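First up is the structure itself, then whatever we jot down about it.
These numbers come from a predicted model, not from an experiment. Start at 1 with the first residue, then count along the sequence.
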Amino acid sequence: MSGLQGLAQENIWFDKSTYDEAERHFYEGTNGIPQTSQERDASAILQDIAKARQNIQQSLAGVKTALQGSKGHARAQKPRERKTSQNASKSEDQSELVSRLKSLELDNKNLHKVVDDLRAVLSKLESRMAVLEKSQAPASKTVTVTKAAPVQKPKVEEHNGADDDDDDIDLFGSDEEDEEAERIKAERVKEYAQRKAKKPALIAKSSILLDVKPWDDETDMSKLEECVRSIQMDGLLWGASKLVPVGYGIEKLQISCVVEDDKVGTDILEEEITKFEDYVQSVDIAAFNKI
């Protein structure tokens with residue numbers, strides 16, 4: 001069928017040979033050329049071929065009309081199918097809406113029942129509370145009356161007891177008790193003094209870093225260090241030392257020491273070191289730390 005549809009849609013000149021043959025016969029007749037038997041047979045065959053071609057064209061035309069009719073029928077059926085599908089979807093939606101409405105009605109009924117039950121329970125509770133309040137009112141009155149009576153008696157008794165206690169208190173202590181307290185106090189002070197004497201006293205110490213500067217670059221730094229270390233005091237201990245360049249070939253002596261704060265001070269150290277006037281220009285404290 002697809003081949004026939006293609007042939008039906010194509011525009012082909014099937015009758016060209018017949019027209020050519022008729023044209024040839026016309027020119028032969030006009031020119032007076034007689035036809036032979038072979039030519040007559042050939043013309044008959046050509047006529048048969050032309051008839052076959054006409055039949056084929058007619059059949060192709062019928063197929064074309066049939067195809068067009070089938071297409072129109074199919075197009076007419078499609079809207080019907082769409083309408084039926086739309087109707088089916090509408091019916092399904094309506095059924096879903098009906099089912100939802102039914103479920104909502106059931107839920108509404110259940111909620112109404114729950115609300116009615118809660119109201120009944122609340123009314124019962126209110127009635128019970130009212131009964132309890134009425135029953136507790138006279139009981140509270142009786143309790144207050146019974147408690148109010150014995151309130152004053154303990155006060156009188158407590159007051160009397162307080163008077164008895166005041167009578168028993170002795171405002172003036174005896175001399176014997178004072179002497180005993182003083183003796184105990186003296187013993188405790190003595191014990192504390194003995195313990196304190198046995199403990200070693202803490203000695204406050206400090207670590208000092210000194211910068212000793214010479215006059216110029218020709219100063220003998222080893223001799224300067226010997227002079228500094230020659231200073232000896234109680235509570236002074238010299239440590240490490242090194243030469244630190246200052247500039248222009250001049251070096252300073254940086255020396256550390258440990259001193260006891262109560263025995264040696266920084267002022268005394270500076271005075272003793274600056275006594276070596278031939279070597280020492282000045283003394284500075286570079287660092288000072290408590291130990």
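- For the atom pair CG of N108 and OG of S103, the computed distance is 11.0 Å after rounding to the nearest 0.5 Å.
- Interatomic distance, K102 NZ to R100 CZ, rounded to the nearest 0.5 Å: 14.5 Å.
- A donor-acceptor contact shorter than 3.5 Å links the side chain of N110 to the backbone of L106.
- Hydrophobic side-chain contacts under 4.5 Å tie V114 into a cluster, directly or through other members, with L118.
- Within 6.0 Å of atom CD in E277, 12 or fewer heavy atoms from other residues, nucleotides or ligands are found, so the atom counts as exposed in its surroundings.
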Derivation and outcome, side-chain contact (heavy atoms from CB on, under 4.5 Å), residues Q254 and L209 = CA-CA 7 Å; Q254 197 171 67; L209 185 65; 3.8 Å; yes
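- Distance CH2/W215 to CG/D278: 9.5 Å, rounded to 0.5 Å.
- A distance-only check finds no donor-acceptor pair linking the side chain of D284 to the backbone of A286 [under 3.5 Å].
- A salt bridge is absent between D261 and K205; no separation between the charged side-chain nitrogens and carboxylate oxygens falls under 4.0 Å.
- Using a 4.5 Å cut-off on side-chain heavy atoms (C-beta onward), S206 and I291 make no contact.
- With sequence neighbours excluded, no residue satisfies side chain to side chain donor-acceptor pair (under 3.5 Å) with E251.
- Between E225 and S241 the shortest side-chain heavy-atom distance falls below 4.5 Å.
- Taking 4.5 Å as the limit, every side-chain heavy atom of K275 sits out of range of all side-chain heavy atoms of C227.
- A donor-acceptor distance shorter than 3.5 angstrom exists from the side chain of Q232 to the backbone of R229, with no hydrogens or angles considered.
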Chi angles and distances behind the side-chain hydrogen bond (donor to acceptor under 3.5 Å, both in side chains) call for H112, D116 | CA-CA 6 Å; H112 280 300; D116 293 335; 5.8 Å; no
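- I285 shares a hydrophobic cluster with I208, L210, V212, M221, L224, V228, I231, M233, L236, W238, L243, L253, I255, V259, V264, I268, L269, I273, F276, Y279, V280, V283, F288; the chain of contacts runs through ILVMFWY side chains whose heavy atoms sit under 4.5 Å apart.
- The residues R183 and E179 are annotated as not salt-bridged, no charged nitrogen and carboxylate oxygen being separated by less than 4.0 angstrom.
- Interatomic distance, CD of Q281 versus CD1 of I250, reported as 8.0 Å (0.5 Å rounding).
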